[in-house]
Amino acid sequence: MLLSRFPRRFLAHLPTPLERLDRLTKELGGAEIWIKRDDCTGLSTGGNKTRKLEFLMAEAEMQKADVVMTQGATQSNHVRQTAAFAAKMGMPCHILLEDRTGSNNHNYNHSGNVLLNHLHGATTQKIKGDKLNMNAELEKVADKVRASGKTVYTVPGGGSNATGALGYVNCAFEMLAQFNERHLKIDHIVHATGSAGTQAGLAVGLKAMNAPISLLGIGTNAIRNKQEEKIFALAEKTAEKLGCPGLMARGDIVANTDYIGDGYGVPSEAGQDALRMFAELEGILLDPVYSAKGAAGLIDLVRIGHFKKDEKVVFIHTGGSTGLFGYDWAFDMDDRWTSYA
């Protein structure tokens, strides 16, 4: 299980903080809630993908790539972190942005993460279509660049392959060390799950360390069985890459997909409520369509008693607050303007 066997660029700010959410815990009146601040990994406001990119971009460097390419939704946090990582390494970056919402809002299409992509020097192109395989589309464009003589390294959506998932195997080890140092008995870990790499890596790391902590992914874009199968397949590949094939069982992977709302990239009412609670009670900014939906699941499950009052739950904040500036239209804050004069 030695991660030192794999090439890695140490650019993330690690370990990320582990904090108790006192006011949110009191407000909900249930389980004790902690947060793992993976919004603090550095590189263009941070986020969970930076952990994955430490391994992915090292692999790109080892393969002597002179261009890195990736894909994601219009306001993808993953592509923003890839663009930042590539800038740090002096490597040209090209991004394919999938139009998943059909929104014509100017800020959605040009501000937030899109603005930061361009500030980091990346070039972008929009891809439109119905139910596209975006990783396949990525390879099509990459092949055109390869035909010109360039060596292209492609990063799959979310950085979610066995190489990228190593970042969250490492995160599992990091959290267990923090729990031990602070004498914390953590019962549950909860996070948003989409492209599967975060949950796959965590599941492998926890299982390898025989940690008796339940892991729950709150789905953001697929029905439960489909999401769990995707995570399990990647967890198996990750365990095999680490030299422990057969480590994972299907029952190790659990997702709850009740909080997706109207689909990926579309804010939900529960997600917006969760986002406001984190901001107003803890001074923590979530992103409107990913970590906010994960937080919505966490909050609801605490309220209904899924997590017991004497239990401790860690929520992994996957970052993405810059996306707020692409979703300003989803918030009505006019009632906050007031005067005491």
Side-chain angles (χ1 to χ4, degrees), residues 18-39 48 172 175 179 184-194 196 198-200 202-203 206 211-232 249-320 330-331:
L18 178 69
E19 303 170 359
R20 187 179 187 275
L21 299 184
D22 294 324
R23 296 196 68 211
L24 183 63
T25 297
K26 182 178 180 181
E27 176 72 19
L28 296 178
E32 184 177 305
I33 304 171
W34 290 70
I35 190 167
K36 176 65 170 166
R37 295 293 302 271
D38 271 16
D39 58 320
N48 63 324
M175 283 194 294
F179 302 161
L184 288 173
K185 179 186 175 296
I186 299 298
D187 301 285
H188 306 275
I189 295 172
V190 179
H191 64 96
T193 183
T198 297
Q199 188 164 0
L202 288 169
L206 292 172
I213 303 173
S214 74
L215 177 67
L216 176 64
I218 304 296
T220 59
N221 65 351
I223 61 174
R224 178 176 176 176
N225 189 60
K226 182 178 179 181
Q227 182 67 23
E228 288 183 344
E229 289 295 339
K230 180 169 63 171
I231 298 163
F232 178 58
R250 176 63 179 78
D252 297 327
I253 306 301
V254 182
N256 181 322
T257 58
D258 295 340
Y259 305 94
I260 294 172
D262 292 332
Y264 189 85
V266 181
S268 68
E269 183 176 346
Q272 299 300 77
D273 289 344
L275 194 153
R276 287 189 178 93
M277 287 185 72
F278 270 70
E280 292 177 6
L281 295 175
E282 299 289 353
I284 294 173
L285 297 177
L286 304 177
D287 95 278
V289 297
Y290 190 77
S291 57
K293 291 184 179 181
L298 167 74
I299 289 167
D300 188 52
L301 292 171
V302 171
R303 281 174 168 161
I304 66 175
H306 176 82
F307 304 124
K308 308 306 179 190
K309 192 163 185 176
D310 61 347
E311 292 182 324
K312 293 181 174 63
V313 183
V314 172
F315 177 69
I316 301 179
H317 186 347
T318 47
F331 297 89

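No hydrogens, no waters, no symmetry mates; every other heavy atom, side chains included, goes into these values. Note that the structure is a prediction, hence the values are computed from the model and not measured.
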Walk me through whether Leu298 and Phe307 qualify under side-chain contact (heavy atoms from CB on, under 4.5 Å). CA-CA 9 Å; Leu298 167 74; Phe307 304 124; 4.2 Å; yes
When you look at Asn256 and Leu301, which way does the side-chain contact (heavy atoms from CB on, under 4.5 Å) test go after all the steps? CA-CA 10 Å; Asn256 181 322; Leu301 292 171; 4.2 Å; yes
Between Glu229 and Arg250, does the side-chain contact (heavy atoms from CB on, under 4.5 Å) criterion hold? Intermediate values first, please. CA-CA 8 Å; Glu229 289 295 339; Arg250 176 63 179 78; 3.0 Å; yes
When you look at Leu18 and Met175, which way does the side-chain contact (heavy atoms from CB on, under 4.5 Å) test go after all the steps? CA-CA 8 Å; Leu18 178 69; Met175 283 194 294; 5.8 Å; no
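Scanning all heavy atoms of the two residues, the minimum distance from Lys230 to Ala196 falls at CG-CB, 3.9 Å. Of all non-hydrogen atoms in Val313 and Ala31, the two that sit nearest each other are CG2-CB, 3.9 Å. When all heavy atoms of Ala255 and Gln227 are compared, the pair lying nearest together is CB-CG, 4.2 Å. For Glu282 against Leu21, the heavy-atom pair with the smallest separation is OE2-C, 3.2 Å. For the pair Ala292 and Ala274, the tightest heavy-atom approach, listed with the atom from each and the gap, is O-CB, 3.7 Å. Of all heavy-atom pairs between Thr220 and Ala192, the closest is CG2-CB, 4.1 Å.
Within the 3.5 Å criterion, the main-chain N or O of Ile218 finds no donor-acceptor partner in the side chain of Thr193. Judged by distance alone, with hydrogens and angles left aside, the side-chain atoms of His306 form no donor-acceptor pair with the main-chain N or O of Asp300 at under 3.5 Å. With hydrogens and angles disregarded, no donor-acceptor distance shorter than 3.5 Å links the side chain of Ser291 to the backbone of Thr318.
Taken from CD1 in Ile213 to CD1 in Ile189, the straight-line distance is 4.5 Å, to the nearest 0.5 Å. Between Ile231 atom CD1 and Ile253 atom CD1 the span is 6.0 Å, to the nearest 0.5 Å. Separating the NE2 atom in His191 from the OH atom in Tyr290 is a distance of 7.5 Å, to the nearest 0.5 Å. In this structure, the separation between CZ on Arg23 and CG on Leu281 is 5.0 Å, given to the nearest 0.5 Å. In this structure, CG in Asp262 is found 8.5 Å from OG in Ser268, a value given to the nearest 0.5 Å. Here the straight-line distance linking atom CZ of Phe315 with atom CD1 of Ile284 works out to 9.5 Å at 0.5 Å rounding.
In this structure, the side chains of Ile299 and Asp273 stay at 4.5 Å or more apart for every pair of heavy atoms. By the 4.5 Å heavy-atom criterion applied to side chains, Leu216 and His188 are not counted as neighbours. Gln199 places none of its side-chain heavy atoms less than 4.5 Å from the side chain of Leu202. At a threshold of 4.5 Å between non-hydrogen side-chain atoms, the residues Lys185 and Lys312 do not count as touching.
Under the side-chain contact (heavy atoms from CB on, under 4.5 Å) criterion, Arg224 pairs with Glu228, Val254, Thr257, not counting sequence neighbours.
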